[in-house]
Amino acid sequence: MSQLKSHIFESPLGWIGLLGTEHGLRRLSLKPTLSEVVEDLGESVEQAVADPKAFAVEQDCLTKFFDGDPIALDQVVLDLANCPPFFGAAWEACRRIPPGETRSYQWLAAAAGRPLAARAAGQAMAKNPWALVIPCHRVIGSDGGLHGYGAGGLGVKARLLEMERANLASDN
């Protein structure tokens, strides 16, 4: 059995908690406070061994992302073991949305192979265990509005989209 490891640190958007094994990242929690990250990670963080060195690659990718590299998080390896098939397909489809762009839940459902499952796509985003890495902040309602973002609220979702768009504009 793989040893579960953890690392918690402060970022420009709040606190980040990481859980993972040698097979990849199992969880990324982004919350405004340290206590909210610990609460969000739940019992898993208590069972994990604190090991910042085990997450050097992930922390470097996150630092680069916050410094303006919109594709830095593409390097993060995820442990998708035990995820429901449709959720896995939706998360992989979400990861293909280009930085600074948005897609609807309906688009996401179709990209995940179930065009009539927009609500299920919304549930997949709501249960996304890898905030930022699976960029659910890029998924919006069919009306073009921002809907739900468990990793810090709609303000953080809007800030992430603005940050990505500004970084892309400065590259041109």
Side-chain angles (χ1 to χ4, degrees), residues 4-41 44-45 48-80 83 88 90-104 107-108 111 124-141 144-172:
L4 188 62
K5 297 180 180 182
S6 68
H7 179 43
I8 298 175
F9 59 96
E10 196 168 10
S11 80
L13 286 180
W15 286 85
I16 292 180
L18 304 174
L19 289 173
T21 68
E22 69 271 5
H23 301 295
L25 192 64
R26 284 197 180 164
R27 186 85 197 279
L28 185 155
S29 177
L30 170 64
K31 296 290 181 184
T33 67
L34 174 60
S35 61
E36 287 175 282
V37 164
V38 171
E39 182 180 329
D40 188 44
L41 295 175
S44 295
V45 76
V49 173
D51 187 356
K53 291 180 185 172
F55 297 98
V57 169
E58 291 84 355
Q59 189 163 359
D60 183 57
C61 289
L62 285 158
T63 298
K64 287 177 182 174
F65 176 77
F66 288 123
D67 286 344
D69 181 350
I71 60 168
L73 299 178
D74 292 352
Q75 307 304 311
V76 175
V77 175
L78 302 177
D79 182 350
L80 292 167
C83 75
W91 292 330
E92 288 177 7
C94 182
R95 208 165 184 194
R96 293 190 303 267
I97 301 172
E101 295 186 19
T102 57
R103 300 290 187 273
S104 70
W107 176 92
L108 187 63
M125 294 303 99
K127 294 183 189 302
N128 173 10
W130 301 283
L132 302 175
V133 179
I134 301 293
C136 56
H137 60 276
R138 297 178 190 153
V139 182
I140 60 172
L146 300 183
H147 295 273
Y149 191 63
L154 293 180
V156 171
K157 185 172 186 167
R159 281 181 60 200
L160 284 166
L161 288 169
E162 289 169 16
M163 181 181 79
E164 288 181 353
R165 290 173 180 151
N167 290 335
L168 289 170
S170 68
D171 287 345
N172 292 330

- [ ] Mind running side chain to side chain contact (heavy atoms under 4.5 Å, CB included) on Q75 and D60 for me, showing each step along the way?
- [x] CA-CA 10 Å; Q75 307 304 311; D60 183 57; over 6 Å; no
State, to 0.1 Å, how close [X] and [Y] come at their nearest heavy-atom pair, and which atoms those are.
| X | Y | value |
| --- | --- | --- |
| L146 | A158 | CD1-CB, 3.7 Å |
| D40 | S29 | OD2-OG, 2.5 Å |
| E58 | A54 | OE1-O, 3.8 Å |
| L30 | S11 | CD1-OG, 4.1 Å |
| F65 | A72 | N-CB, 3.8 Å |
| I8 | W15 | CG2-CE3, 3.9 Å |

Is it true that atom [atom1] of [X] has more than 12 heavy atoms of other residues, nucleotides or ligands lying nearer than 6.0 Å?
| X | atom1 | result |
| --- | --- | --- |
| R95 | CZ | yes |
| L34 | CG | yes |
| E101 | CD | yes |

Any sub-3.5 Å donor-acceptor pair from [X]'s side-chain atoms to [Y]'s backbone N or O?
| X | Y | value |
| --- | --- | --- |
| K5 | L18 | no |
| R165 | G100 | yes |
| N128 | I134 | yes |

Going by side chain to side chain contact (heavy atoms under 4.5 Å, CB included), [X] matches just one of [options]. Which one?
| X | options | result |
| --- | --- | --- |
| C94 | R138, R103, M125 | M125 |
| L28 | L62, L19, L73 | L62 |
| V156 | L13, L132, L161 | L13 |

So how far is it from [X] [atom1] to [Y] [atom2], rounded to the nearest 0.5 Å?
| X | Y | atom1 | atom2 | answer |
| --- | --- | --- | --- | --- |
| L80 | E92 | CG | CD | 6.0 Å |
| F66 | I16 | CZ | CD1 | 4.0 Å |
| I140 | L108 | CD1 | CG | 12.0 Å |
| E22 | D79 | CD | CG | 9.0 Å |
| R96 | D74 | CZ | CG | 12.0 Å |
| H147 | L154 | NE2 | CG | 9.0 Å |

TODO: Take the angle between the ring planes of W130 and W91 and call it parallel below 30°, perpendicular above 60°, tilted in between.
DONE: perpendicular
Open item on the list: Under the criterion side chain to side chain contact (heavy atoms under 4.5 Å, CB included), I'd like the reasoning laid out for L25 against F55: C-alpha separation, chi angles, the key distance, then a yes or no.
Closed with: CA-CA 9 Å; L25 192 64; F55 297 98; 3.9 Å; yes
Task: Pair E164-H137, side-chain donor/acceptor within less than 3.5 Å - done: yes
